[in-house]
Amino acid sequence: MSSHGTDKKRTLAAEVREATGLNAAKCYQCGKCSAGCPMAEEMTLQPHDMMRLVQNGERARLFEDGSIWLCLTCETCTARCPNECDSARIIDSLREIALKQDPDLAPKSIRAFHRAFLDQIRSHGRVFELGLIIQHKMTGGPLFQDVFAAPGMLARGKLALTPRKIKGIKEIRRIFDACAAASKEEA
């Protein structure tokens, strides 16, 4: 399928608009988003580049690059945009679109972190950092990276040894169940 397909419903910009209600064409490439992005130096495609690729329907180039997975969703790009283009939300929707297209598009470590994060939220209603770190490293993260930081963090009380659940844990689990049911209906 051509990345510039003639079917307007199948263009990447149309998929983003359908998922978010946002129009990526509002971006006029001023670059203020990229100038303020704390991850810009780590990305091969900066936020304004990603907006341009969405506008041009260059799905393969966008999804083959790992930049969309590095976005912190800090919303600095969105706050700096003079044309009120919500780049952070568009980039987030690009991750969802990429995962629907092919779950293997996300790097293994990022998939492992995403899964560990969601498991922590489902289990405790909040992130239990030590559990997150252990699950992430055991399922695909860099196993020994930062291992020497752990004793110091434990000694200073930066990592709890046991999780604490929130009061509304049943509501959190109900939301997860509703999302899982909605995903099955879509498939």
Side-chain angles (χ1 to χ4, degrees), residues 3 12-13 15-17 19-20 22-121 126-154 156 158-159:
S3 62
L12 185 55
E15 285 183 60
V16 167
R17 184 179 281 204
T20 64
L22 299 171
N23 184 0
K26 286 178 68 177
C27 174
Y28 49 68
Q29 297 292 296
C30 69
K32 284 188 67 108
C33 54
S34 299
C37 177
M39 291 300 290
E41 287 185 27
E42 305 299 323
M43 298 172 164
T44 53
L45 296 174
Q46 296 187 356
H48 76 280
D49 296 323
M50 294 183 228
M51 295 303 104
R52 188 68 177 159
L53 292 174
V54 171
Q55 293 168 349
N56 290 338
E58 295 185 54
R59 177 187 309 262
R61 184 166 172 218
L62 191 56
F63 291 165
E64 287 170 3
D65 185 273
S67 297
I68 62 171
W69 305 105
L70 298 177
C71 172
L72 301 172
T73 318
C74 67
E75 300 187 2
T76 301
C77 53
T78 299
R80 292 175 57 95
C81 181
N83 206 26
E84 299 179 358
C85 183
D86 191 343
S87 302
R89 193 162 162 213
I90 289 173
I91 293 168
D92 193 44
S93 74
L94 292 172
R95 291 190 286 243
E96 289 180 27
I97 291 167
L99 288 173
K100 281 183 183 174
Q101 180 179 312
D102 181 0
D104 290 336
L105 284 173
K108 183 179 177 184
S109 178
I110 290 173
R111 286 190 314 245
F113 182 84
H114 182 72
R115 173 70 0 220
F117 181 85
L118 291 177
D119 286 349
Q120 291 300 313
I121 298 296
R126 64 175 65 180
V127 173
F128 167 50
E129 289 91 353
L130 186 58
L132 172 75
I133 292 166
I134 291 169
Q135 182 179 348
H136 174 237
K137 296 208 177 270
M138 298 304 290
T139 58
L143 194 57
F144 296 108
Q145 184 181 18
D146 304 324
V147 72
F148 297 113
M153 293 180 75
L154 285 167
R156 286 190 293 267
K158 299 295 183 187
L159 290 176

Suppose we screen for side chain to side chain donor-acceptor pair (under 3.5 Å). Which residues come up paired with [X], at least two apart in sequence or across chains?
X: S67; result: T44, D65
X: R89; result: none
X: R115; result: D119
X: S109; result: H136

Quick one: does [X]'s side chain get under 4.5 Å of [Y]'s, heavy atoms only?
X: C27; Y: N83; answer: no
X: C81; Y: C33; answer: no
X: F63; Y: L12; answer: yes
X: I121; Y: F117; answer: yes
X: L94; Y: V16; answer: yes
X: T139; Y: F113; answer: no
X: V54; Y: L62; answer: yes
X: P82; Y: Y28; answer: yes

Minimal non-hydrogen separation, [X] against [Y], with atom names:
X: L105; Y: A98; result: CD1-O, 3.4 Å
X: M51; Y: I90; result: CE-CG2, 3.6 Å
X: R61; Y: L53; result: NH1-CD2, 3.6 Å
X: T76; Y: G36; result: CG2-O, 3.3 Å
X: P142; Y: K137; result: O-NZ, 2.7 Å
X: M50; Y: L45; result: CE-O, 3.1 Å

ask   = Pairs in or reaching into residues 91-103: which pass salt bridge (charged side-chain N to carboxylate O under 4.0 Å, His left out), with residues at least two apart or in two chains?
value =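 As it turns out, the salt bridge (charged side-chain N to carboxylate O under 4.0 Å, His left out) pairs with a partner in residues 91-103, which skip direct neighbours, are D92-R95, K100-E186.
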ask   = Can you list every pair that meets salt bridge (charged side-chain N to carboxylate O under 4.0 Å, His left out) and has a residue in residues 34-53, with sequence neighbours left out?
value = none
inquiry  = Between K26 and D86, does any NZ, NE, NH1 or NH2 come within less than 4.0 Å of an OD or OE carboxylate oxygen?
reply    = no
query = Does E129 come within less than 4.0 Å of K158, counting only side-chain N to carboxylate O?
reply =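 Here E129 does not pair with K158 in a salt bridge, since their nearest N and O are not under 4.0 Å apart.
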Look at the side chain of [X] and the backbone N and O of [Y], then say whether any donor-acceptor pair between them is shorter than 3.5 Å.
X: E64; Y: R59; answer: no
X: T78; Y: A88; answer: yes
X: Q120; Y: R126; answer: no
X: R17; Y: N23; answer: no
X: R80; Y: K32; answer: yes

Reported [atom1]-to-[atom2] distance for the pair [X] and [Y], which is rounded to 0.5 angstrom:
X: Q29; Y: S34; atom1: CD; atom2: OG; answer: 8.0 Å
X: C37; Y: Q46; atom1: SG; atom2: CD; answer: 7.0 Å
X: F128; Y: Q135; atom1: CZ; atom2: CD; answer: 11.5 Å
X: I97; Y: I68; atom1: CD1; atom2: CD1; answer: 9.0 Å

